[in-house]
Asks: 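Below: one structure in structure tokens.
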Amino acid sequence: MTEATPNVDMEKLVSLCRRRGFVFPSSEIYGGLSSSWDYGPLGVELKRNIKEAWWRAVVRERDDMVGLDTSILMHPRVWAASGHLERMSDSLVECKNCHLRWRADEVKGETCPSCDGELTESRQFNVMFKTFMGPVEEDASVVYLRPETAQGIFVNFQNVVNTARKRLPFGIAQMGKSFRNEITTGNFIFRSREFEQMEIEFFVKPGTDGEWFRYWVEERLKWYVDLGIRKENLRLRPHGQEELAHYASMCSDVEYLFPMGWAELEGIANRGDYDLRQHTAISGKSLEYYDDATREHFIPYVIEPSAGVDRSALAFLADAYTEEPDKDEVRVLLRFHPDIAPLKVAVLPLSRKENLAAYARDVYADLRREWRVEFDDTQSIGRRYRRQDEIGTPFCVTVDFQSLEDNRATIRERDTMNQIRVPISELKSTLSAKLGGEDLFVLPPGGEIWKVEKED
Ligand code: GAP
């Protein structure tokens, strides 16, 4: 069996993201801030689409899940209870020569990976960001930026049980920013100090946790595949005992073949009753569940699928990246699943002449009521198509002078470059069916095959 190779190298992807407005270095005009990134006009749409697809799959389409949005700053005792204060630390070594710092587990040999200098003994470094609440910087006012969104869910467990009318098994989902003062960052948006997570805490009766763990592993893998990630670029990697987080009895990573190699995209852990039990002990408030069927009180177990929004964005970008020979050139396209694509449709009038431009603007105004649509009347039609290909827009609608007479427009599909001509009155329903995954070039009623136009 040949070893799988990444779909695209990182440099190409970073350059496309920068050039087209997906991701910019943070504070660029000041020289950038190490490993901090800003999402541009297309990046923000991509991220929103990822989060929306996740929320739809794990909350809206299920009756055993509810959502939550808790604050980033929490009572400091939360982190004592969860074990993060004591244990969320990495082993750090420093080079005595160039003073670069490394995570001890990332250094393969005995010396500095950068200059071969001698390394210090390793010491523990807590990765939680510390700050102060209120105007006085004193120990009593220390708070932390949350390193995971999960704890906001655990401390609200009883609030949700009391208000949401959910019985076990049920889950709580939350997405939001988390912060970790990582020793080493890098690989673009793969590892940064400020990132977004999408986390589920799924509460189950003890004894059924093994079964639910397997269920969620499959469910989460399927989510990526349903949204177009190729199966061969995904794999599961169960954790060995020695690498399990302090709260987990079992964990499997969903790994993706990123441009720099296989790495964690999402972790699915069995946290048992660790967190609810700890919070009960430290807060003195009971987080037990009462099962009215069996009349038992117990602390539920929890299965936690925890994904990163930024890592998902990187995986969707890398997986979609495609280069195709195009005459003497190379056509670059992002084959995004329509749900993920930042723009769904682009409206391109063939000319800027007044009557055609006005007609095209009407078409645009109507379509953008449904989707994120772009209107573009600059440059040649060929270059406009190339731009839409490169940002992954599934469909372009071209309006030409004939449209003024026959009230029809051309839909051009990104992946095949096939074109069909449909009545304007059926444009929305046709696009809607195609964006919903209907076989792309089955003709709509009244549609006719349009000869493939020369794209230059
Ligand atoms: N609540 C469990 C938890 O936080 P984790 O494996 O440490 O588990 C879950 O993080 C996910 O969050 C990871 O799979 C990854 O997608 C994302 N993530 C973690 N640290 C990150 C970082 N420094 N930069 C970007 N994403 C990160």
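Both counts, for ligands and for their atoms, begin at 1 and track the order of listing.
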Asks: Does His246 use its side chain to pair, donor to acceptor, with the backbone of Ser82 at less than 3.5 Å?
Replies: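 The answer is yes, because a donor-acceptor pair under 3.5 Å joins these two groups.
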Asks: For residues Trp37 and Phe188, determine if any side-chain heavy atom of one lies less than 4.5 Å from a side-chain heavy atom of the other.
Replies: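 Yes, their side chains come closer than 4.5 Å.
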Asks: I'd like to check which ligand 1 atoms, numbered from 1 as shown, lie under 4.0 Å from a non-hydrogen atom of Glu266.
Replies: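 Ligand 1 atoms under the 4.0 Å threshold to Glu266: 14 (O).
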Asks: Check each of Leu265, Ile189, Asp310 against atom 16 (O) of ligand 1 and report the one with the nearest heavy atom.
Replies: Leu265
Asks: Please say whether Arg191 places an N or O atom under 3.5 Å from an N or O atom belonging to ligand 1.
Replies: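 No; every N/O pair is 3.5 Å or more apart.
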Asks: Go through the structure and list residues passing salt bridge (charged side-chain N to carboxylate O under 4.0 Å, His left out) with Asp292, not counting sequence neighbours.
Replies: Arg167
Asks: Measuring only between side-chain heavy atoms, which start at C-beta, is Phe154 closer than 4.5 Å to Leu276?
Replies: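 When only atoms from C-beta onward are counted, Leu276 and Phe154 do touch, with a gap below 4.5 Å.
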Asks: Please examine the side chains of Glu219 and Pro305, heavy atoms only from C-beta on, and report whether any two atoms are closer than 4.5 Å.
Replies: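 Pro305 vs Glu219: side chains apart.
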Asks: Quick one: pull up NZ in Lys96 and SG in Cys112 and give me the separation to the nearest 0.5 Å.
Replies: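 With rounding to 0.5 Å, NZ (Lys96) is 12.5 Å from SG (Cys112).
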Asks: Do the side chain of Asn126 and the main chain of Leu85 share a donor and acceptor less than 3.5 angstrom apart?
Replies: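 Side chain of Asn126 to backbone of Leu85: a pair is present.
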Asks: Closest non-hydrogen protein atom to atom 15 (C) of ligand 1, residue and atom name please, with distance?
Replies: Arg311 NH1, 3.5 Å
Asks: Would you say Asp319's side chain and Arg230's backbone share a donor-acceptor pair under 3.5 angstrom?
Replies: yes
Asks: Are Arg384 and Glu374 within salt-bridge range, i.e. N to O under 4.0 Å?
Replies: no
Asks: Closest non-hydrogen protein atom to atom 14 (O) of ligand 1, residue and atom name please, with distance?
Replies: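 I find the closest protein heavy atom is Glu264 OE2, 2.6 Å.
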Asks: Taking 4.0 angstrom as the limit and counting only heavy atoms of Glu148, give me the atoms of ligand 1 inside it, by number and element.
Replies: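 Within the 4.0 Å cut-off of Glu148, ligand 1 contributes 1 (N), 2 (C), 3 (C), 4 (O).
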Asks: Does Tyr247 come within less than 4.0 angstrom of ligand 1, counting non-hydrogen atoms of the residue?
Replies: yes
Asks: At the 4.0 Å heavy-atom cut-off, does Glu201 count as touching ligand 1?
Replies: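 No, Glu201 has no heavy atom closer than 4.0 Å to ligand 1.
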Asks: For atom 24 (N) of ligand 1, what is the nearest protein heavy atom, given as residue, atom name and distance?
Replies: Ser192 N, 3.1 Å
Asks: Among all protein heavy atoms, pick the one closest to atom 9 (C) of ligand 1 and tell me residue, atom and distance.
Replies: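 Ranked first by proximity to atom 9 (C) of ligand 1 is Ser306 OG, 3.0 Å.
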Asks: Check ligand 1 against Arg271 and write out every atom of the ligand that is under 4.0 Å from a heavy-atom position of the residue.
Replies: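 Answer for ligand 1: 1 (N), 2 (C).
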Asks: Show me which atoms of ligand 1 lie under 4.0 Å from any heavy atom of Glu199.
Replies: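 Counting atoms of ligand 1 from 1, those under 4.0 Å from Glu199 are 1 (N), 2 (C), 3 (C), 4 (O).
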Asks: Both conditions, 6.0 Å and 45 degrees, for the charged tip of Arg235 above the ring of Trp262: are they met here?
Replies: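 Yes.
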Asks: Can you tell me which residue and heavy atom of the protein come closest to atom 17 (C) of ligand 1, and the distance to 0.1 Å?
Replies: Gly308 CA, 3.8 Å
Asks: What verdict does the side-chain hydrogen bond (donor to acceptor under 3.5 Å, both in side chains) test give for Glu413 and Thr416, after you've listed the backbone C-alpha separation in whole Å, the side-chain angles of each residue and the deciding distance to 0.1 Å?
Replies: CA-CA 6 Å; Glu413 201 257 346; Thr416 58; 2.5 Å; yes
Asks: Thr393 pairs by side-chain hydrogen bond (donor to acceptor under 3.5 Å, both in side chains) with which of Arg372, Gln388, Arg414, Arg387?
Replies: Gln388
Asks: What residue and atom, counting heavy atoms only, is the protein's closest point to atom 2 (C) of ligand 1, and at what distance?
Replies: Glu304 OE1, 3.0 Å
Asks: Relative to atom 21 (C) of ligand 1, which among Phe179, Phe195, Tyr256, Phe190 owns the nearest non-hydrogen atom?
Replies: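 Nearest option to atom 21 (C) of ligand 1, by heavy atoms: Phe195.
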Asks: Which residue and non-hydrogen atom of the protein lie closest to atom 7 (O) of ligand 1, and at what distance in Å?
Replies: Arg180 NH1, 2.8 Å
Asks: Give me the nearest non-hydrogen protein atom to atom 12 (O) of ligand 1 as residue plus atom name, then the distance to 0.1 Å.
Replies: Gln197 NE2, 3.2 Å
Asks: State the atoms of ligand 1, each with its element, that fall below the 4.0 Å cut-off from a heavy-atom position in Glu182.
Replies: 20 (N), 22 (C), 23 (N)
Asks: Against heavy atoms of Gly267, which atoms of ligand 1 measure under 4.0 Å?
Replies: 14 (O)
